[in-house]
Amino acid sequence: MLRVLIAEDNPANRELLREILEAHGCDVEEVEDGESALRKIRQRPADIVLMDVQMPQLDGVTTLQRLRSDPTLAAIPVIALTAYAMRGDRERFLAAGFDEYMSKPIEAVLLWTMLERLLRSRKNKNDRAATSE
Ligand code: MN
């Protein structure tokens, strides 16, 4: 079962994301800020993280940087979620180290397509690494 961590301070968005993910059989956990995301993921690593960029305490970009600087967590795919889509956002967030980027409002089909693509490319990379050993 795919384990997904949602880090998002807006309860309505968390609920929507949970519904989409659970409809696809994911095991979902939710947190409301970056500090909690780091704590949760250290307790129980996720297969993928959906991270709101604008959160109280610790924002999404800072949280991502902390995650990437921890060797045990660095490889977990993280998708950035933003409320206000701006030109160049995708490039900016990929440059910041996110694996993908999605602007809100979240569309169920788009989100799931993105998750599948990300996990597939991740798996191919791992398979290649395994055969070259
Ligand atoms: Mn937010």
Side-chain angles (χ1 to χ4, degrees):
M1 190 184 275
L2 189 67
R3 292 212 297 233
V4 185
L5 177 65
I6 301 168
E8 157 70 83
D9 59 320
N10 181 306
N13 285 336
R14 281 204 307 276
E15 182 60 31
L16 172 66
L17 290 166
R18 175 183 281 280
E19 279 176 17
I20 297 168
L21 295 164
E22 286 185 343
H24 286 92
C26 296
D27 175 353
V28 180
E29 292 204 273
E30 300 172 15
V31 291
E32 300 175 25
D33 61 76
E35 286 288 1
S36 310
L38 292 170
R39 204 177 314 121
K40 177 66 78 180
I41 210 161
R42 285 189 178 115
Q43 286 167 0
R44 191 168 177 272
D47 296 310
I48 196 157
V49 180
L50 304 183
M51 181 106 66
D52 178 30
V53 169
Q54 290 182 300
M55 294 187 289
Q57 264 65 274
L58 207 58
D59 66 56
V61 174
T62 312
T63 306
L64 179 79
Q65 286 164 352
R66 303 232 179 130
L67 208 106
R68 294 297 192 230
S69 66
D70 180 334
T72 61
L73 307 174
I76 298 173
V78 184
I79 299 178
L81 308 175
T82 65
Y84 306 101
M86 305 234 293
R87 208 180 158 78
D89 267 358
R90 185 166 186 278
E91 291 67 26
R92 196 155 57 87
F93 288 115
L94 295 191
F98 287 98
D99 294 274
E100 258 303 351
Y101 154 82
M102 180 160 278
S103 63
K104 300 182 223 178
I106 299 299
E107 290 181 45
V109 174
L110 286 182
L111 176 67
W112 189 251
T113 306
M114 180 180 284
L115 279 175
E116 281 191 320
R117 196 177 56 230
L118 198 56
L119 292 166
R120 203 163 43 232
S121 74
R122 187 61 59 133
K123 186 182 175 299
N124 290 342
K125 223 179 280 174
N126 291 344
D127 289 351
R128 274 201 302 277
T131 42
S132 65
E133 269 169 12

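Every number for a ligand or one of its atoms is a count from 1 in the order of the listing.
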(message) If we ignore hydrogens and angles and just use 3.5 Å, is the side chain of Arg14 paired with the main-chain N or O of Glu8 as donor and acceptor?
(response) yes

(message) Surrounding CD of Glu107 (heavy atoms of other residues, nucleotides or ligands, distance under 6.0 Å), is the total greater than 12?
(response) no

(request) With the Mn ion (ligand 1) as the reference point, give the N/O/S atom of Asp9 that is nearest. (result) OD1

(message) Report whether any nitrogen, oxygen or sulfur of Gln54 sits less than 2.8 Å from the Mn ion (ligand 1) (N, O or S, backbone or side chain).
(response) yes

(message) One thing to verify: whether Asp70 and Arg66 come together as a salt bridge, which I'm taking to mean a side-chain N less than 4.0 angstrom from a carboxylate O.
(response) no

(message) Please verify the inter-ring angle class for Phe93 with Phe98; under 30° counts as parallel, over 60° as perpendicular, anything in between as tilted.
(response) perpendicular

(request) Could you confirm whether Asp52 has any N/O/S atom lying under 2.8 Å from the Mn ion (ligand 1)? (result) yes

